[in-house]
There are 2 protein chains.
Amino acid sequence: MARINDNFQKLPGSYLFSKIAHRVADYKQLNPQSKIIRMGIGDVTLPLCDAVVKAMEHATEEMAHRETFRGYGPEQGYAFLAQTILDNEYATRGVSLETDEIFISDGAKSDTGNIGDILGLDNIVAVTDPVYPVYVDTNVMAGRAGNLLENGHWSNIVYMPVTKDNGFVPELPQKRVDVIYLCFPNNPTGTTLTKAQLKKFVDYARENEALILFDAAYEAFIREKDVPHSIYEIEGAKEVAIEFRSFSKTAGFTGTRCGYTIIPKTVIAYNEKGEKVALNRLWNRRQCTKFNGTPYIVQRAAEAVYSQAGKEQVRAQVDYYMGNAKIICESLQAAGYEVFGGVNGPYVWTKTPENMNSWEFFDYLLKEKNIVATPGVGFGPSGEGYIRFSALGDRDNTIEAMKRLD
Amino acid sequence: MARINDNFQKLPGSYLFSKIAHRVADYKQLNPQSKIIRMGIGDVTLPLCDAVVKAMEHATEEMAHRETFRGYGPEQGYAFLAQTILDNEYATRGVSLETDEIFISDGAKSDTGNIGDILGLDNIVAVTDPVYPVYVDTNVMAGRAGNLLENGHWSNIVYMPVTKDNGFVPELPQKRVDVIYLCFPNNPTGTTLTKAQLKKFVDYARENEALILFDAAYEAFIREKDVPHSIYEIEGAKEVAIEFRSFSKTAGFTGTRCGYTIIPKTVIAYNEKGEKVALNRLWNRRQCTKFNGTPYIVQRAAEAVYSQAGKEQVRAQVDYYMGNAKIICESLQAAGYEVFGGVNGPYVWTKTPENMNSWEFFDYLLKEKNIVATPGVGFGPSGEGYIRFSALGDRDNTIEAMKRLD
């Protein structure tokens, strides 16, 4: 008889954002007049910038004519985009990479979700707590997580708390681990690591033959100087780290879908005989077998992000969102809240008042202020007592929401 | 230490089409003057039709304005496209489905590759031989295939030959199996099953609590009346079959990327306790966790395939390719070759002459005729002695290639 993957049955009921959507929908049904401002899910609100739109129009025109039509492209993405990304994102920071070390995709969620395909099921995985749920859930599905414990942790996953107590800087795992997920600027806390702090993880990985999966989806929001944009700015990282990036937040591509993954050919893991195997080759095989490339028009759109006009327009969008973040931080502080993040990332991580738990404060904000935020505990038990505000919304709505908190 | 998924090391060197590309590139380098006609990979050559282009232009314009901009869409795809597909592809054939039984994706390759995520690793898998390599390779990666045998089969996979001897109609597996991949109209042979022939598989699955993964990527090419377009035209299939479809060949979306997967809520498999579990819910969880939806503009483009103009234009493209198929079949027969397929599918499956093996005939065609075809043995040992011609090329090139075979 056909058998399911039983690991799926270990997953709790629903994905965090579905749960929020249901609560909001229920409230809205009972209170149809309420003007709800959504600061929950990290979706962008500004339209695609002019340079990107022009590139999409041009590419659409190409697809309309036999001479310029594009069918199957390389599964790894077109060289024109790969080279443009390497020139603009990496060479400018002194990081030298070849075009066969970058894989264009439909987004960082797919890649951070699918990367487990090339890794053994017996790896011990470490994540921060709180954490982007995809890292944990995909490991539950694969069977690496063990069982869900009463405290909300999984028995086989090693957690590295990031809380006010440690300044949101995770400590190295106390138990030896094989695979470490890091997301900085962090989702959900909006906080960052300095180069020195990140180097400790790179050194740990080199000493312990571990692999770092580094999610840099929010790097465009970095404002401060000592914050690394790429893990490859850290010496030795090219031996131990895979980096994930996305155009979703950088250029408003949440509905357009493009991201990329860097796997330097020097990044290795071990086979059952203890021999070194380059992960670049395995991921290439995975992508060639299970993926058929990102749409041509989307790749041309992403390329336009790096044109002179594109760079300026995208920078203006990022500035707009970071302007929101400043308003959120200052307003919350003025209202007596304790806030973190929001300086190098588009999320403001806020301590709940009066010992309310995350969902209590979520309900308070929804019902009393008609504001939707994301309960911190939804990202892990160490997120209890926090709530996340997204700065990726509309400016007027952001100001209006903050006024309601006065 | 970080460990790889050792199953990857069982895979033979390279994906079939990469191997072909290398052989052609090597020949081209030595013979730069040669005018090579590519009839190998099944890529389309006609540009996107006017209705699709107009829809993409319109959607691009929407993305340029704040009021009409779209960020994250539903991971399952927009309802406007889901409903349009169900109305046009299924309701018209008497198949009733709900919008939460269809999942829009970036293509059938991704979905047929990723579907294994929700299935147990101990399922016994059956495939036809020859077969689209993705079905086998993804099961090798997951660990369901066992070991590669000398004859080119995998030890744990059950093979159902489709050859001239059985009229390209697979027999039911002699050993009990749990999961059966079927692709009809078939890639690579271009042949089909009648409703009665397909019903035997549905009945088998119902009797043996097996699951059918039905790839209908080529259904738009069906010309004959008794050939089912959807497996759900067969009674009982809604309990045992998942269907995969694609706009790649239908509407020239190989570089635009859109497909969809149908999982009726009545399709079940069993958990470790022997309880029935609906696969729809598991796939929904998989997609919500590892996928972020198909680009909005691409979904609007796919929707336009079903406008009045779109239907006519896409039908004309399919007619064009089937015109090529007719030319290929007739020319090969006139030149003394034995051919199959090409009537309800865009591939012509040809017996190699004079007992040449597939790669010998490939080399002969490449070097003597400057034609690239796909060696049948690349799709499995029962493909030995055959070669596949694609009808998805340019008409003039198709005619020119066939002239060279005179």
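- Judged by distance alone, with hydrogens and angles left aside, the side-chain atoms of B:Asp6 form no donor-acceptor pair with the main-chain N or O of A:Asn271 at under 3.5 Å.
- By the side chain to side chain contact (heavy atoms under 4.5 Å, CB included) test, B:Glu61 pairs with A:Glu57, B:His65, sequence neighbours left out.
- A search for ring-ring contact (aromatic ring centres under 6.0 Å, His included) contacts involving A:Tyr135 returns A:Tyr132, A:Tyr181, not counting sequence neighbours.
- Salt bridge present: B:Asp394 and A:Arg66 bring a charged side-chain N and a carboxylate O closer than 4.0 Å.
- Proximity to chain A (any heavy atom under 4.5 Å) is shown, for B:Tyr296, by both the backbone and the side chain.
- For B:Glu75, the part lying near chain A is the side chain, with the backbone staying farther off; criterion is any non-hydrogen pair under 4.5 Å.
- Proximity to chain A (any heavy atom under 4.5 Å) is shown, for B:Arg286, by both the backbone and the side chain.
- For B:Thr138, the parts lying under 4.5 angstrom from a heavy atom of chain A are both the backbone and the side chain.
- Contact annotation for B:Tyr270: both backbone and side-chain heavy atoms come within less than 4.5 Å of a heavy atom of chain A.
- B:Glu272 touches chain A through backbone and side chain together, each having a heavy atom under 4.5 Å away.
- Proximity to chain A (any heavy atom under 4.5 Å) is restricted, for B:Ala210, to the backbone atoms N, CA, C and O.
- Proximity to chain A is absent for every atom of B:Ile268, based on heavy atoms less than 4.5 angstrom apart.
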